[in-house]
There are 2 protein chains.
Amino acid sequence: MASTLQPAEAAPAAVDPRILRSRRMLMDALIRLLNKKEFDAISIQEIADEATLNRATFYLHYPDKNALLQAMTAARFRDLVARRGLSFSNCDGAIRAIALGVCDYLAETTGCPTALLKMPLETSIIPVVESVFLEGAAHRTPTPGVDPTLLATTAAWAIFGAARRWFETPNRIPAEQMAAKIEAMVKPIFLSVKR
Amino acid sequence: MASTLQPAEAAPAAVDPRILRSRRMLMDALIRLLNKKEFDAISIQEIADEATLNRATFYLHYPDKNALLQAMTAARFRDLVARRGLSFSNCDGAIRAIALGVCDYLAETTGCPTALLKMPLETSIIPVVESVFLEGAAHRTPTPGVDPTLLATTAAWAIFGAARRWFETPNRIPAEQMAAKIEAMVKPIFLSVKR
DNA sequence: ATGCGTAAGCAACATCTGTCGATTTATTTT
DNA sequence: AAAATAAATCGACAGATGTTGCTTACGCAT
């Protein structure tokens, strides 16, 4: 599994078009396969075949299946965050927007219904949520004696956990409604130290 | 991977002493091996050998390595909770006690230093924390319109995430101090709806 | 104590995994 | 345009994985 907090290291600023192409093809292949079968049931051989790449090429980019899943999830979620322009600058409603992003992502990526739950998505999504918070915290006068990192981590885990619980609930309430609930729960985490 | 919320189903009320013996031996073997090498570097063959069991017997009890790790972690953490008599009845300080439990567990189980971080511990520990909260919530007059399950899940993820961040920090502050911080952050989650 | 049910042991299987060295092909640099 | 650099392919390897059919040994209830 890749490290938790260095997205830059995880995707080491690939420039060579061949590298980008291979990685994109692998991710696309995985997405396609995930619509057909469970993650655990997919072999690296299959992924490579589906991507029309040699199996050895896979290992050139990712140490194992999980690393690919993680990289792919992080990339897709990061993309969603970028598309929506999520940031912590426009402070109010930011938490709700982020929570909605996580909920939507979980729901949207539901190629295969029950499969997502058994995936190590937390290691992909949580760091991204965390970084959004941290980026926002940087724009702000630092409260002395408070570690913004800890705050960001705690909030990110709380949001993801809540969103995950929502997602695995049979008859879900609308994502927007859930996001509001999550905001109500998570906002106080930040206020807890703000004063 | 086992399901998230049915500990009873995960360990299906084993009665046959042979079953208990085998599972115990497998867990003990894993613990012993974890003190020597990383989880990823341990093969099922090794675990079976160390447990003086046939490899096929392993598959009789767990579908894969992760399932064993998860079952083992859940069992050990549950044990720690029981030893300390953690519950949510004695409401005040309960959150801190639970947070301390998680921190201590992470630190205590550090047979091999860096290995714990790469493990899917969340699926083992979080449900236990959650159940402690839920058990406590049962003893309490239910606040209408509030889903105690959601609260428990969110708090459990927040606590675990914070504890995990603490654990992976190079120069850690004492666990007690960290537990206090966590309490400060997490308590408001519950108050957020108690209104 | 005897016998039924079921767990544990055993051996063999097809497949997957991760890694290697050697070769070919595609970029970038000069 | 040619040379240098680096990625992709290929075949092969030892080992691990998950499963199966069969036999042996244990635990429990009669």
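In the text below, chain A, chain B and the rest are named by the order of the sequence lines, each starting its count at 1.
Judged by distance alone, with hydrogens and angles left aside, the side-chain atoms of B:Thr154 form a donor-acceptor pair with the main-chain N or O of B:Leu150 at under 3.5 Å.
Put simply, OH on B:Tyr59 is 17 Å from P on C:dC10, counting in whole angstrom units. As a whole-Å value, the separation of B:Leu20 CG from C:dA7 P is 12 Å. At whole-Å resolution of the value, CG in B:Asp64 and P in C:dT17 are 13 Å apart. Atom P of nucleotide C:dT19 and atom OH of A:Tyr62 are separated by 16 Å, given to the nearest angstrom. Between A:Asn54 atom CG and C:dC20 atom P there is a gap of 16 Å when expressed in whole angstrom units. Atom CG in A:Asp16 sits about 17 Å away from atom P in C:dT25, given to the nearest Å. Between A:Leu60 atom CG and C:dT23 atom P there is a gap of 18 Å when expressed in whole angstrom units. In this structure, A:Ile19 atom CD1 and C:dT28 atom P are separated by 10 Å, rounded to whole Å.
Nearest-nucleotide positions on DNA chain D for B:Ile42 and A:Leu53 put A:Leu53 closer to the 5' end. Both A:Ser43 and B:Arg21 lie near DNA chain C, and the one whose nearest nucleotide falls closer to the 5' end is B:Arg21. If you find the closest nucleotide of DNA chain C to A:Pro17 and to A:Gln45, the one lying nearer the 5' end belongs to A:Gln45. Checking A:Ala56 against B:Phe58, the closest nucleotide of DNA chain D that is more toward the 5' end is the one next to A:Ala56.
Using a 4.5 Å heavy-atom cutoff, the side chains of B:Asp147 and B:Leu151 are not in contact. Residues A:Leu69 and A:Lys65 form no side-chain contact, since every pair of their non-hydrogen atoms from C-beta on lies 4.5 Å or further apart. When side chains are defined from C-beta on, A:Phe190 counts as touching A:Ile95, because their heavy atoms get closer than 4.5 Å. By the 4.5 Å heavy-atom criterion applied to side chains, B:Thr153 and A:Met185 are not counted as neighbours.
Electrostatic pairing of A:Asp28 and A:Arg24 does not count as a salt bridge here, judged by no charged N lying under 4.0 Å from a carboxylate O.
With hydrogens and angles left out, the side-chain atoms of A:Gln70 and A:Ser124 include no donor and acceptor closer than 3.5 Å.
Side chain of B:Arg55, nearest nucleotide from C:dT17, C:dT27, C:dA12: C:dA12.
Distances shown here put a side-chain N or O of B:His61 below 4.0 Å from the OP1 or OP2 atom of C:dA8.
Where DNA chain D pairs in unbroken runs of 3 or more (Watson-Crick or G-U, both distances under 3.5 Å), the stems are C:1-30 with D:1-30.
Of all nucleotides in DNA chain D having an atom under 4.0 Å from a heavy atom of chain B, the first and last in 5' to 3' order are D:dA16 to D:dC28.
Between B:Trp157 and A:Trp157, the ring planes are tilted. Angles from 30° to 60° get that label.
Taking hydrophobic clusters as Ile, Leu, Val, Met, Phe, Trp and Tyr residues chained together by side-chain heavy-atom distances below 4.5 Å, B:Leu100 does not share a cluster with B:Met178.
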B:Arg76 and B:Ile31: side chain to side chain contact (heavy atoms under 4.5 Å, CB included), yes or no, with the steps?
CA-CA 11 Å; B:Arg76 288 169 62 92; B:Ile31 280 288; 3.3 Å; yes
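Not a single donor-acceptor contact under 3.5 angstrom links the side-chain atoms of B:Arg18 to the base of C:dA8.
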